[in-house]
Protein chains: 2
Amino acid sequence: MYSFTEENYLKTIFYLSIGTQEGVSTNALADSTNTRAASVSDMLKRLAEKGLINYQKYRGVTLTEEGERLALLVIRKHRLWEVFLAEKLQFGWDEVHVIAEELEHIRSERLIEKLDAFLGYPKFDPHGDPIPNAAGEMPRFIYRKLSEIVEGTTVVMTGVSEHSPAFLQHLDKAGLTLGCQLKVNEISDFDKSVSVLIDNVRTLFVSHEVAKNLLVK
Amino acid sequence: MYSFTEENYLKTIFYLSIGTQEGVSTNALADSTNTRAASVSDMLKRLAEKGLINYQKYRGVTLTEEGERLALLVIRKHRLWEVFLAEKLQFGWDEVHVIAEELEHIRSERLIEKLDAFLGYPKFDPHGDPIPNAAGEMPRFIYRKLSEIVEGTTVVMTGVSEHSPAFLQHLDKAGLTLGCQLKVNEISDFDKSVSVLIDNVRTLFVSHEVAKNLLVK
DNA sequence: TAATTTTTTTAGATTAGTCTAAATTTTTTA
DNA sequence: TAAAAAATTTAGACTAATCTAAAAAAATTA
């Protein structure tokens, strides 16, 4: 049984590992966990002793198979609770993350399997991120950014790559929700902002900054 | 903001205070929290400094008004989560306590108020215990024990005074559930066991030990 | 490639919550 | 009511997770 802190380190290492081969650096972890590099060094030693990470001094870390399995189980719990909060308790998608950060550490396998059933075995959380299964396996979808879509193409909004409440609230105000259809009319030469037709109904200008963080298929 | 441990001490002091005027003793707390008296002494000093308990060395403790309010808010969360687990996730009433011991420490007022609404503002948890309101107030019902009911009387089962899984599973097997009607046919001279007619349908013999822990009105 | 800068680790403390053993206070008993 | 027993507190130590400051290693730069 692992502590809240250990679970959080595993989760953070998992997220920082996405899209790189190299190990995660001590400083990157210190930034993400709001601690100092010295504290991270200590913790890495302990996690390595427990066989959850591959760690050589000064070399950065990667998760072992077991470490990754555990990280994905925490992420599974986090995302299932997010679905519960959004769908059953009517929380906004900008509010669910903070609460799920606590709920993800509740220790009961039966609880999470029953919650999964209660929610109807959802495949995605409120931000469009996939939910790992009980074995700690997660499908990897490769979505494109709206900013990379060529003019004239029609796509569907499937996720976001930025999860801050400020960004999500901005999308709410713009009426951009998961599943909406987006036709890229024109990309501005001036500021790379994108003019999109939403659900064949109305046109909206999306800044490049926003377009970079919208995932589509 | 108080730690899990502090919240648990407050809750335990609250429960051990029920039905006595005197303060709760250090040893009683050590028993209930599975720690040693020395650890309890240390913690009592801290809780007293924070104004949550009235504490004089060697004299036992009582909760201050603020301490009681906090204890009742933890109990509110515990009992609401128990309702969620039993009614929405189909856990048995013998299983909900252990999981709610963790969930009760999740810190979000909005979460608990939304959960309350989602559950339809329940007044009682799955064991028949009343749920405190958001202000930390709880109605006090005085129920009698089945063992004190005179022959010929008909009552309704409203609660239990023993919450162990073993006891609750025993009641399940006997078919004794909250709300069932119990007519006391006869109390045995030999072993004080009670013969009861359940819901006007079938007769059951209930041991004195069980009858003492069944609350009725 | 030697010097400088950056990153990481080690050394030594700190805090919350716990422990055992010893000391102290209260309660019980004879 | 004095002695014995029980309950409680204090003293000193431990663990997990953190910190600052200093030392060491790696990376960058001139």
Side-chain angles (χ1 to χ4, degrees), chain A residues 1-14 16-17 20-63 67 70-71 74 101-102 104-107, chain B residues 1-14 16-17 20-63 67 70-71 74 101-102 104-107:
Chain A
M1 196 149 295
Y2 300 100
S3 70
F4 283 26
T5 312
E6 289 170 324
E7 288 188 345
N8 282 333
Y9 269 89
L10 294 177
K11 198 181 55 165
T12 306
I13 295 167
F14 179 86
L16 293 176
S17 297
T20 81
Q21 319 289 23
E22 293 148 55
V24 174
S25 76
T26 300
N27 270 348
L29 275 166
D31 281 355
S32 292
T33 56
N34 289 309
T35 59
R36 300 317 180 100
S39 312
V40 173
S41 274
D42 283 352
M43 179 56 89
L44 294 183
K45 242 176 283 173
R46 272 174 268 153
L47 292 174
E49 265 167 37
K50 296 186 180 186
L52 302 174
I53 59 172
N54 305 114
Y55 175 51
Q56 296 173 77
K57 288 202 288 187
Y58 299 100
R59 285 277 115 94
V61 286
T62 55
L63 293 173
L70 290 171
V74 175
E101 283 290 297
E102 295 193 47
E104 73 188 7
H105 300 293
I106 303 290
R107 298 163 207 294
Chain B
M1 196 150 292
Y2 301 99
S3 69
F4 283 26
T5 313
E6 289 170 323
E7 289 188 346
N8 282 333
Y9 269 89
L10 294 177
K11 199 182 54 166
T12 306
I13 295 168
F14 179 87
L16 292 176
S17 297
T20 81
Q21 319 288 23
E22 293 148 55
V24 174
S25 76
T26 300
N27 270 347
L29 275 166
D31 280 356
S32 292
T33 56
N34 289 309
T35 59
R36 301 315 181 99
S39 312
V40 173
S41 275
D42 282 352
M43 179 55 89
L44 294 183
K45 243 177 281 172
R46 272 174 269 154
L47 292 175
E49 265 166 37
K50 296 186 180 184
L52 302 175
I53 60 172
N54 305 114
Y55 174 51
Q56 295 172 75
K57 287 202 291 189
Y58 298 101
R59 284 278 113 95
V61 286
T62 56
L63 294 173
L70 290 171
V74 176
E101 283 290 296
E102 294 193 48
E104 72 188 6
H105 300 292
I106 303 291
R107 298 164 206 294

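Below, chains carry the letters A, B, ... as their sequence lines are ordered, and counting in each starts from 1.
- When both pairing distances are held under 3.5 Å, C:dA30 makes a Watson-Crick or G-U pair with D:dT1.
- Atom P of nucleotide D:dT9 and atom CD of B:Q56 are separated by 11 Å, given to the nearest angstrom.
- A side chain to side chain donor-acceptor pair (under 3.5 Å) check over residues 41-51 of chain A, counting only residues at least two apart or in different chains, returns the pairs A:E6-A:K50.
- Rounding to whole angstrom units, CZ of residue A:R59 and C1' of C:dT7 are separated by 12 Å.
- Expressed to the nearest 0.5 Å, how far CG of B:L63 lies from CG of B:L16 amounts to 10.0 Å.
- A close approach under 4.0 Å does not occur between any side-chain nitrogen or oxygen of B:N27 and OP1 or OP2 of D:dA6.
- When the side-chain nitrogen and oxygen atoms of A:K57 are compared with OP1 and OP2 of C:dT10, one or more of them lie within a distance under 4.0 Å.
- Protein atom NZ of A:K45 is 15 Å distant from nucleotide atom P of D:dT15, rounded to whole Å.
- The CG atom of B:N34 sits 11.0 Å away from atom CG of B:N8, with the distance rounded to the nearest 0.5 Å.
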B/S/- contact track for nucleotides 13-23 of chain C, protein heavy atom under 4.0 Å: ---SBBBBB--
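- A:S25 has no side-chain polar atom (N or O) that falls below the 4.0 Å cut-off from OP1 or OP2 of C:dT7.
- When each of B:L10, B:L70, B:V74 is checked for a side chain to side chain contact (heavy atoms under 4.5 Å, CB included) with B:Y2, only B:L70 meets the rule.
- Remark: P of C:dT8 and CG of A:L44 are 10 Å apart, rounded to the nearest angstrom.
- Regarding B:L29, its CG atom lies at a distance of 14 Å from the P atom of D:dA7, rounded to whole Å.
- At a threshold of 4.0 angstrom between heavy atoms, the contacts of A:S41 include nucleobase atoms, whether or not backbone atoms are also involved.
- Taking the salt bridge (charged side-chain N to carboxylate O under 4.0 Å, His left out) definition, one finds that B:R107 meets it with B:E7, sequence neighbours left out.
- The aromatic rings of B:H105 and B:F4 sit parallel, their planes meeting at an angle under 30°, below the 60° perpendicular limit.
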